[in-house]
Amino acid sequence: MHDKELIKELQRKALLIRKYVIDSVYRAGSGHPGGSLSIADILSCLYFHEMRHDPKNPRWPDRDRLVLSKGHAAPALYAALAMSGYFPVEELKNLRKTGHFLQGHPCMLKVPGVDMSTGSLGQGLSVGIGMAIAGKLDEKDYRVFVILGDGEMDEGQVWEAAASASHHSLDNLIAILDRNGLQIDGHTEEILNLEPMQWRWRAFGWDVIEIDGHNIEEILDALHEADKNDKPTLIMAYTIKGKGVSFMEGSLSFHGKPPSDEQYLKAMSELNQAEEELNG
Amino acid sequence: MVSAKITDKMRNLRDGYSSALIKLGYENENIVVLDADLALSTKTKRFGTIFPDRFFDCGISEANMMGMAAGLATCGKIAFASSFAVFATGRCYDQIRQSIAYPQLNVKIVATHAGISVGGDGASHQMLEDMALMRALPNMRVIAPADATEVEDVIPKIASEPGPFYVRMGRADAPVIFVRHNKFKIGKAKLLRRGSDVTIISTGTMTAEALKAYDLLKKEGIEARVIHMPTVKPIDKKAVIKAARETGLIITCEEHSVIGGLGGAVSRAMSEEPVPMRRIGVNDVFGESGDAMELVKKYGLSADNIAKNAKDMLKKKKE
Ligand SMILES: Cc1ncc(C[n+]2csc(CCOP(=O)(O)OP(=O)(O)O)c2C)c(N)n1
Ligand SMILES: [Mg+2]
């Protein structure tokens, strides 16, 4: 059982991430709200509870690493980083703008707190493996988190990496699969059937924990449990693309499209209302 | 001379691609189309809706898609494979090299979202080296059409010509500059303006900027020659050498790195009779997020920068 206040606080932070996602993508006039909203709760748990990191020292060698392999969800990552104190939250208004540092996809050279540049799908898990092996070589106890998309599972490199991670017994590597069931051209199983997904990962030598990716308690428990395993762990987080904004939930069209003026107001008012309800 | 002017009509090159594909689909049942979870963006989905049995959305697996296209081609199919330029070339370069170019298979790689004008997505998605990669491959031919009309001329032509091709298009709408359709000749330059003071050689949608630069220069009494070079490989060496001889100055323009694309091809073509040359393109740096038009200006890929360079070259020549 987790402290009720902690859970509430992480829910609040997740809602705030969602508001920043909507606001920054709306102001940018482009970007990916759907896949950003689906990982808001996961990022909240990671950055505001689970991860060991120091926003004043973004390159701290002992920090836990996070690779956002599904780099198009950058708006959610940037919100979590800004809220952590890596840079001022006002900067979120300049997402994707010419001459500003918040790139459309994470760029480790420009954005403090970003551990790896991503955007081309399928590459992040391999990089996470490199980080995890380095941790072992240097006898450090940091962990490496990699957030993957389910459409991203189509890429062969993910499975090369899956084999590699268990081969090297990387118990310091935790992959979180955002299982929202959608990619761009349709439902994941219609485009390329990857079921039974969890058994594929198990067959590749991973421990798999299945959770509701919007349930803070389940996320915290899974992260805790992952720590105890001696294999690499995949947390299969069942999520809803666009979670938190009614008309974006389960929507294909909001994969990579900003809200209109009217939709922006509606989305913000829904999220504000959820915040009020949470605060009771 | 080929007739060309900047018209008010804007058309997306991808619309030209999908309309040409559909027409081909009706004419030839050996046409098959593959995509990698970007069928709505590349617009191949329109073909897929009409010919579902001959359309394969491979999911986000570009390397696998290229291999599948190669296999289809070995069995007599004419395979069009599409994705964003960055994924359609760099992501699966070795599959293209080993399974398509080396065995000289009938695969047409048609990429969209090339160049810096991709805008907000940023450097990870702004492909500026695709022509360099594809040019370097034996058997591969490289074409960058200027507008949607030309795309509609290119697609049936490459379908009827055996062997691999790489066709590149951008994301943004572009002004129609060719009002009428023409039979496309692979490897042939298009002379658009006849001047003799300086030659501007451009490819892709940069040709619209080259035409605007011609107008800017003309106002100042400078007569530029404008050559549109849709086929970057094999390049029209004759046209390049003739322009070098007759005008003595060359500027190349492309929405691509200055390394290995049109600029590389032109300098190679005239390496035995070189004249002063400048390359307008992205100067060996990655792009960045921003508004497409702002980026195009910031990186000097606009008519005024072409005109400025032309004037500068003419001034230097007189000194
Ligand atoms: C290698 C590569 N191919 C294609 C793309 C274009 N793309 C961006 S997001 C996306 C769909 C991703 O789906 P998924 O992994 O399920 O992400 P989510 O649903 O969480 O947004 C595609 C195809 C890309 N970024 N990288
Ligand atoms: Mg998904």
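All chains are named by letter (A, B, ...) in the order of the sequence lines, taking the proteins before the strands, and each is independently numbered beginning at 1. Since the structure is predicted, the reported quantities are computational estimates derived from the model, not experimental observations. All values below were derived from every heavy atom in this structure, side-chain atoms included, with hydrogens, water molecules and symmetry-related copies excluded.
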TODO: Give the member of A/Q123, A/H32, A/K97 that has the highest number of heavy-atom pairs under 4.5 Å with chain B.
DONE: A/Q123

TODO: Could you tell me which of B/E62, B/K298, B/E294, B/H125 has the largest number of non-hydrogen atom pairs under 4.5 Å with chain A?
DONE: B/H125

- [ ] Can you check whether anything in residues 83-97 of chain B gets within less than 4.5 Å of chain A, heavy-atom wise, and list it by number?
- [x] B/F87, B/R91

TODO: Determine, for A/E189 against A/R179, whether the closest basic-nitrogen to carboxylate-oxygen distance falls under 4.0 angstrom.
DONE: yes

Task: A/K70/A/D178 salt bridge by N-O under 4.0 Å criterion - done: yes

TODO: Heavy-atom distances under 4.5 Å only: say whether B/S124 touches chain A with side chain, backbone, both or neither.
DONE: side chain

Task: Pair B/E288-A/Q103, side-chain hydrogen bond (donor to acceptor under 3.5 Å, both in side chains): steps then yes or no - done: CA-CA 7 Å; B/E288 61 179 300; A/Q103 300 299 296; 5.2 Å; no

TODO: Kindly assign one of parallel, tilted or perpendicular to the pair A/F204 and A/W159, based on the angle between their ring planes and the thresholds 30° and 60°.
DONE: tilted

- [ ] Report the option among A/E190, A/Q157, A/E155 that has the most heavy-atom pairs separated by less than 4.5 Å from atoms of chain B.
- [x] A/E155

Open item on the list: Under a 4.0 Å threshold between the charged nitrogen and the carboxylate oxygen, would A/R65 count as salt-bridged to A/D115?
Closed with: no

- [ ] Side chain from CB out, backbone as N, CA, C, O: work out which of these in A/I191 comes under 4.5 Å of a heavy atom of chain B, or both, or neither.
- [x] both

Task: Atom group of B/K45 that falls short of 4.5 Å from chain A, counting heavy atoms - done: neither

Open item on the list: Other residues, nucleotides and ligands only: do more than 12 of their heavy atoms fall within 6.0 Å of CZ on B/R135?
Closed with: yes

Task: Any donor-acceptor N or O pair under 3.5 Å, side chains A/D261, A/Y26 - done: yes

Open item on the list: Counting only non-hydrogen atoms closer than 4.5 Å, does A/E152 touch chain B with its backbone (N, CA, C, O), its side chain (CB onward), both, or neither?
Closed with: backbone

Task: Part of B/A39 within contact of chain A (heavy atom distance under 4.5 Å) - done: both

Task: Interface moiety of A/H100 toward chain B, non-hydrogen atoms closer than 4.5 Å - done: neither

Task: Proximal component of B/D291, with respect to chain A [non-hydrogen, under 4.5 Å] - done: both

Task: Top contributor to chain B interface from A/I184, A/T188, A/L192 [non-hydrogen pairs under 4.5 Å] - done: A/I184

- [ ] Start with the C-alpha distance between B/S202 and B/E209, add both sets of side-chain angles, then the distance that settles side-chain hydrogen bond (donor to acceptor under 3.5 Å, both in side chains), and finish with yes or no.
- [x] CA-CA 9 Å; B/S202 58; B/E209 294 302 311; over 6 Å; no

- [ ] Could you tell me which residues satisfy salt bridge (charged side-chain N to carboxylate O under 4.0 Å, His left out) with A/K257, sequence neighbours excluded, listed by chain and number?
- [x] none

- [ ] Heavy atoms only: give me the nearest A/Y20-A/A79 pair and the separation to one decimal.
- [x] CB-CB, 3.7 Å

Task: Structural part of A/T118 lying under 4.5 Å from a heavy atom of chain B - done: backbone

Task: Greatest number of heavy atom pairs closer than 4.5 Å to chain B - which of A/S117, A/S30, A/S120, A/P106 - done: A/S120

TODO: Mind ranking B/S61, B/G120, B/G59 by heavy-atom pairs under 4.5 Å with chain A and telling me who comes out on top?
DONE: B/G120

Open item on the list: Taking the basic N atoms (NZ, or NE/NH1/NH2) and the acidic carboxylate oxygens, is any pair closer than 4.0 Å for A/R27 and A/D23?
Closed with: yes

Open item on the list: Between B/F47 and B/F80 (judged by ring centroids, cut-off 6.0 Å), do the two rings come close enough to count as a pair?
Closed with: no

TODO: Answer yes when B/D304 and B/K297 have at least one side-chain N-carboxylate O distance shorter than 4.0 Å, and no when they do not.
DONE: yes

Task: Which of A/G256, A/G149, A/G119 touches chain B most, by non-hydrogen pairs under 4.5 Å - done: A/G119

